[in-house]
Structures are given as structure tokens and as C-alpha cells.
Peer 1: 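Take this structure, written in C-alpha cells, and hold onto it; I'll ask about it next.
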Amino acid sequence: MARLGVGLTYVRGLERLLEECGDRLDVIEVEPQTFWRSRPDGTVATDHEALRRLADLPGARLLHGVGNPVGGSVLPDAEHTALVGELAEQLAVPWVSEHLAFNRVGDAGGGGTGFRTGFMLPPRQTPAGVRRSVRSVRAMAEALPVPLAVELGTNYLRPRADELSDGAFAARVAEGADCGLLLDLHNVLANERNGRGSVDALLAELPLDRVLEVHLAGGFEHRGYWLDAHSGLPDEDLIRLAGRVLPRLPALRAVLFEVTASAAPGLEAGAVRELTDRLRELWPAAAVAAPAPLRRPDPAVPGAGPEEWEAALGGLAVGREPRTVLERELAADPAVGLLRELILEFRAGALAGTLVHTVRLLLLTLGEAGVRELIAEYARRRTPELFATEEAFAFAEHLRRCRPAVPLLPDVLELDLGLMLVRLDGEPRTVTVGTDPTVLLTELGAGRLPVDPPRGSYRLRLVDDRAEAGRPALSSS
């Protein structure tokens with residue numbers, strides 16, 4: 001495979017930077033799940049209009065999965081893998097990457113007791129865990145038209161005596177599945193800062209000749225942990241680490257800077273251009289050979305199996321109380337509280353991005369503390385969904401059932417759901433509300449609580465008119 005170069009991971013909101021820094025970008029990495037739409041009938045489709053907008057962006061393309069990990073006992077979703085394969089062929093990518101983690105427990109989606117965690121969680125790092133991960137990696141790799149690389153994730157849990165080290169686990173999975181590696185240097189630096197072990201010890205155990213891709217990102221400290229938040233530019237410690245590591249990766253083909261959509265507006269084009277220039281200087285055209293990786297022996301005590309581990313950690317992460325010995329042991333780890341907080345914040349963010357007017361009405365009426373408690377109560381009753389739209393439908397059901405004392409809520413919720421459905425399938429819809437929708441949308445859009453809006457019977461025809469920012473056509477009776 002040819003060397004691709006230095007680039008950015010694409011998120012919506014990054015278009016300005018892509019335009020202003022286009023002459024510095026060799027490759028753009030795409031997260032396929034951000035271009036998928038979950039239809040009301042449960043099927044998933046690709047937003048081809050959004051993909052077409054990528055055609056004018058500079059450089060080559062890569063695909064980086066963010067919702068179908070390959071580190072757990074539950075095999076990756078075959079439908080989602082097929083969609084990634086289609087995109088891989090459409091975008092002519094040389095490889096696809098996915099996370100060595102799990103976000104499903106048991107029979108998620110099959111009507112059984114399984115559930116989604118709403119967050120990438122660390123797999124069971126034992127020989128049995130290696131075998132489960134190898135099986136999952138192979139299942140995805142065999143279904144893709146291009147090679148697969150797996151990413152070493154952030155692990156906020158304390159190291160355990162009954163597990164393989166992070167490096168040994170990743171090495172055994174990569175070699176057992178014969179796949180590539182994505183080395184996220186911010187992940188491994190965060191793990192070092194959070195007490196998982198040194199970066200150098202991890203690198204000594206990895207087969208560095210399998211690393212195809214490197215990621216860098218920014219983070220921040222929270223509750224005594226360094227978070228892999230993708231919140232801005234890499235700090236100088238990470239840049240220095242990259243300078244030491246990049247020349248040791250003989251198979252390296254791409255170096256990507258990752259940032260979230262929420263952080264994109266705060267980035268200056270000049271700073272991003274400077275970063276890409278520095279990365280090119282740190283990554284010489286000819287890399288030196290990597291040292292032979294070391295091996296750490298298996299733990300003496302096998303401990304819990306992968307399925308028990310995933311059920312225990314996944315259940316605790318979504319807020320369930322500990323019942324088993326392993327669950328009580330894990331619950332004593334302060335990282336479990338952090339994971340619960342991150343998952344809840346992620347779910348709240350998904351709702352704020354889909355039910356825009358509804359969440360704004362709730363905030364204006366109940367205040368931030370009241371909304372947090374409302375969402376926390378919903379989260380206690382319902383495990384996370386994969387797509388933000390599915391989360392929105394489930395939260396709407398919760399609001400209809402619990403009926404919080406929020407005037408205008410039924411009408412605003414009906415408007416938001418109608419707009420969301422129109423954007424999902426592109427088909428016009430007609431909804432009926434009992435309050436003047438123009439007043440509702442205008443006032444809430446400006447961050448104000450509507451005061452005595454006109455009442456009546458209003459029929460709206462909602463149209464997905466992207467050229468006019470999705471503004472609904474309106475008629476009333």
C-alpha cells in the first residue's frame with residue numbers, strides 16, 4: 001500500500017478548515033456511521049447527498065468505524081459491516097479501521113436480554129478474550145473488500161492482576177486475526193496518564209510493523225482522569241511522543257488529527273496548518289525498522305470469562321446496580337462512575353442534536369438541573385440506542401409516558417419528531433398541533449420561552465428543503 005500522508009478525520013462543521021487547509025491535507029478520514037440514517041422501520045441507509053459533498057474535499061479517503069467494534073463476544077453487525085464495505089468500494093479506500101472494544105452485551109437487537117452500552121468499553125484482556133476478539137475481527141475482515149486495522153482504545157479502568165497488559169492483548173489479537181493496527185497516540189498517552197502503564201512498555205509489546213495508521217487528538221483533565229475528548233489540538237507532550245514513535249513504524253501509511261464537531265469552531269486554520277506541517281517533519285519518508293516485540297506471559301489466574309466481563313462492565317456503565325462478585329469488584333473502580341457520566345452526557349448530547357426545540361423548551365422551563373434529572377431517569381429505564389434518532393424516539397416515548405409539567409411540550413415534541421422523520425426519509429409529512437408553530441419555532445430558535453402563543457388547530461406540511469435549511473412549509477386551519 002502506498003503512503004497516503006497527513007490529514008484530518010472529517011466531522012460536520014469542519015468544512016471551513018478543510019477549505020482553508022486543503023493544500024496541506026493528503027487524506028480525509030470518514031466515520032461511516034455519521035452518514036447513516038436509521039429509518040423508522042429499523043433499516044439503515046446511507047445519506048448519499050452528504051457523501052456527495054465529500055467529493056470536492058482534498059486528498060485520498062479512509063474509513064474509520066465508530067459504532068461496530070470488534071473487541072467483544074458479540075460479533076460485529078453484519079448489515080453495518082456490509083454498508084462499510086459498500087462505502088469502502090465507493091470511496092476507493094485502501095483499508096478500513098474499527099475499535100478493539102465492545103458496545104453490545106448479549107443479544108442486543110434480538111429480542112433477548114442484550115443491550116447496547118452507548119460507549120466503547122474495554123474488552124476482557126485474557127487469552128479467552130483474545131480468542132473472542134480474534135473471532136470478531138476475522139468476521140468483519142472477511143466481509144470487507146479491503147484490509148482491516150483495529151484501534152487500541154482508551155481504558156479508564158485500573159490495571160488488573162488477572163489480565164494481559166494492553167500491549168500484549170492488542171498484539172495477540174492483531175497476530176491471531178492477521179490484521180493491521182491503528183495506533184491512537186492520544187489514547188495510549190491518556191492510558192499512561194491515567195495509570196494503565198507506560199507508552200514505552202506498550203510499544204515494546206506491539207508488532208509495530210502492523211501499524212498502518214496513527215491518530216492524534218486533544219483532551220483535558222476531568223475528575224482526576226485525562227479524557228480522550230478530541231477537544232482540540234494535541235499538546236506538546238503528544239507531539240514529542242509522535243516525534244519518537246512515528247519513525248519506528250515501517251508500515252505507517254497515514255497520520256490523522258481527530259477533533260469533535262463541537263470543538264471544530266474553536267480551531268484556527270493557521271494552527272491546523274502548522275500542525276500538519278510539524279507532523280510531516282516528524283514523519284520522515286524512510287522509517288527505521290521496529291524492534292522485535294516482547295511477549296508477556298499469560299496471567300496465572302484466568303478470572304472471569306469475556307461474556308461475564310462484558311455483562312458486568314456494560315451493566316455497571318449504563319447504571320445498573322452491582323449484584324455479582326465481579327460487578328461489586330468493578331464497581332469499586334472510580335472509573336465506573338466516570339463511564340456512567342460520559343455515557344449520560346453522550347446520550348444527552350444526542351437528544352440535544354435531534355430534538356432541538358424540545359430540549360430547549362425543557363431547559364427554559366425546568367432549568368439545567370431539572371433536565372439532567374429527567375434524562376437520568378430516562379436513562380435508568382432504557383439502555384442506550386446506537387443512533388441518535390433512535391434515542392430521540394425512545395426519549396419521546398418517555399416524555400409522553402411521564403408527562404413532565406412543561407406547557408407546550410406535546411406540540412413542540414410533535415414538531416421536532418416530524419422534522420426528524422422528514423430528514424430521515426426525505427418524504428413530506430403533515431402534522432397537526434394546537435399552538436401557532438411559527439411562534440413556537442421562532443421563539444425557541446431564539447432561545448426564548450414562548451409567552452401566550454396563539455392557540456388553535458394548525459396543520460403543517462413539513463418538507464426537507466435543504467436549500468432553505470429544512471424550513472417547513474406551513475398551512476393552518
Side-chain angles (χ1 to χ4, degrees), residues 9 11 29 31 64-72 97-104 117-125 129 133 149-160 163-171 173-174 181-203 205-206 211 213-235 237-238 241-242 245 256-260 262-263 309-310 313-314 316-318 330 333-346 349 384:
T9 295
V11 293
E29 187 163 66
E31 296 175 348
H64 179 53
V66 293
N68 198 19
V70 289
S97 58
E98 192 40 278
H99 291 77
L100 189 57
F102 75 93
N103 66 356
R104 290 191 294 163
T117 64
F119 200 77
M120 301 284 189
L121 296 175
R124 183 64 167 134
Q125 294 183 184
S133 295
V150 297
E151 176 180 348
L152 287 67
T154 309
N155 188 345
Y156 297 109
L157 298 174
R158 294 179 296 205
R160 297 172 56 89
E163 68 181 6
L164 296 164
S165 68
D166 297 347
F169 177 76
V173 172
L181 287 173
L182 190 166
L183 180 59
D184 189 316
L185 288 178
H186 188 259
N187 283 357
V188 299
L189 181 60
N191 288 346
E192 178 180 272
R193 289 173 173 174
N194 293 330
R196 289 289 303 178
S198 74
V199 173
D200 287 333
L202 179 138
L203 293 174
E205 295 184 303
L206 288 181
V211 177
E213 181 177 347
V214 162
H215 282 184
L216 295 96
F220 57 83
E221 191 172 355
H222 177 67
R223 290 179 53 171
Y225 291 88
W226 186 263
L227 298 188
D228 177 42
H230 297 182
S231 55
L233 294 169
D235 61 28
D237 285 347
L238 184 55
L241 176 61
V245 174
L256 281 301
F257 167 51
E258 288 186 292
V259 66
T260 62
S262 60
W309 169 270
E310 291 161 19
L313 180 57
L316 291 171
V318 299
L330 284 170
D333 191 325
V336 168
L338 174 69
L339 291 171
R340 288 182 173 183
E341 179 185 342
L342 294 176
I343 291 171
L344 191 60
E345 288 295 324
F346 187 80

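Predicted model only: the values in this text are computed from it and were never measured.
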Peer 1: For the side chain of E213 and the backbone of L182, is there at least one donor-acceptor N/O pair under 3.5 Å apart?
Peer 2: no
Peer 1: Give, for atom CH2 of W309 and atom CD of Q125, the distance between the pair rounded to the nearest 0.5 Å.
Peer 2: 8.0 Å
Peer 1: Could you list the residues that satisfy side-chain contact (heavy atoms from CB on, under 4.5 Å) with F346, not counting sequence neighbours?
Peer 2: none
Peer 1: Salt bridge (charged side-chain N to carboxylate O under 4.0 Å, His left out): which pairs involve residues 337-346, sequence neighbours left out?
Peer 2: R223-E341, E345-R372
Peer 1: Starting from the C-alpha separation in whole Å, work towards a yes-or-no answer on side-chain contact (heavy atoms from CB on, under 4.5 Å) for L338 and H222.
Peer 2: CA-CA 9 Å; L338 174 69; H222 177 67; 3.9 Å; yes
Peer 1: Evaluate the side-chain proximity of L181 to V150: yes if any heavy-atom separation is below 4.5 Å, no if none is.
Peer 2: yes
Peer 1: Search all heavy atoms of G67 against all heavy atoms of E98 and return the closest pair with its distance.
Peer 2: N-OE2, 4.0 Å
Peer 1: What are the two closest non-hydrogen atoms of L216 and P234, and how far apart are they?
Peer 2: CB-CG, 4.1 Å
Peer 1: Do you know which two heavy atoms are closest between V259 and G232, and how far apart they sit?
Peer 2: CG2-N, 4.3 Å
Peer 1: In chain order, what residues pass the ring-ring contact (aromatic ring centres under 6.0 Å, His included) check against H64, with sequence neighbours excluded?
Peer 2: H99, H215
Peer 1: Is it the case that the side chain of Y225 and the backbone of A335 share a donor-acceptor pair, with hydrogens and angles ignored and the cut-off at 3.5 Å?
Peer 2: yes
Peer 1: Using every non-hydrogen atom in the two residues, find where P384 and V318 come nearest and quote the distance to one decimal.
Peer 2: CD-CG1, 3.7 Å
Peer 1: Is a side-chain N or O of D333 found less than 3.5 angstrom from the main chain of R158, in a donor-acceptor match?
Peer 2: yes
Peer 1: Could you walk me through whether L339 and L313 pass side-chain contact (heavy atoms from CB on, under 4.5 Å), step by step?
Peer 2: CA-CA 10 Å; L339 291 171; L313 180 57; 4.3 Å; yes
Peer 1: Using the side chain to side chain donor-acceptor pair (under 3.5 Å) criterion, which residues pair with S262? Sequence neighbours excluded.
Peer 2: T260
Peer 1: Please round to the nearest 0.5 Å and tell me the distance separating atom CG of N155 and atom CG of L121.
Peer 2: 9.5 Å
Peer 1: As an exercise, state the distance from CG of L164 to CZ of R124, rounded to the nearest 0.5 Å.
Peer 2: 9.5 Å
Peer 1: Under the side-chain contact (heavy atoms from CB on, under 4.5 Å) criterion, do H230 and T9 qualify, and how do the steps go?
Peer 2: CA-CA 11 Å; H230 297 182; T9 295; over 6 Å; no
Peer 1: Locate the shortest heavy-atom distance separating P123 from S133; write the atom from each residue and the value.
Peer 2: CB-OG, 4.5 Å
Peer 1: Strictly by salt bridge (charged side-chain N to carboxylate O under 4.0 Å, His left out), give each pair with a member in residues 187-200 just once, sequence neighbours left out.
Peer 2: E163-R196, D166-R196, R193-D235, R193-D237, D200-R244
Peer 1: With side-chain contact (heavy atoms from CB on, under 4.5 Å) as the test, would you mind laying out the steps for N191 and L152 before giving the verdict?
Peer 2: CA-CA 10 Å; N191 288 346; L152 287 67; over 6 Å; no
Peer 1: Can you name the residues that form a side-chain contact (heavy atoms from CB on, under 4.5 Å) with V245, not counting sequence neighbours?
Peer 2: L183, L185, L203, L241, L249
Peer 1: Using the test side chain to side chain donor-acceptor pair (under 3.5 Å), find all partners of N194 that sit at least two apart in sequence or belong to another chain.
Peer 2: none
Peer 1: Could you tell me which non-hydrogen atom of A229 sits nearest to which non-hydrogen atom of F220, and how far apart they are?
Peer 2: CB-CE2, 3.4 Å
Peer 1: Under the side chain to side chain donor-acceptor pair (under 3.5 Å) rule, what do T154 and N187 come out as? Steps first, then yes or no, please.
Peer 2: CA-CA 5 Å; T154 309; N187 283 357; 2.9 Å; yes
Peer 1: Would you indicate whether the side-chain heavy atoms of H186 and F257 approach each other to under 4.5 Å?
Peer 2: no
Peer 1: Under the rule for side chain to side chain donor-acceptor pair (under 3.5 Å), what residues qualify as partners of N68, not counting sequence neighbours?
Peer 2: T81
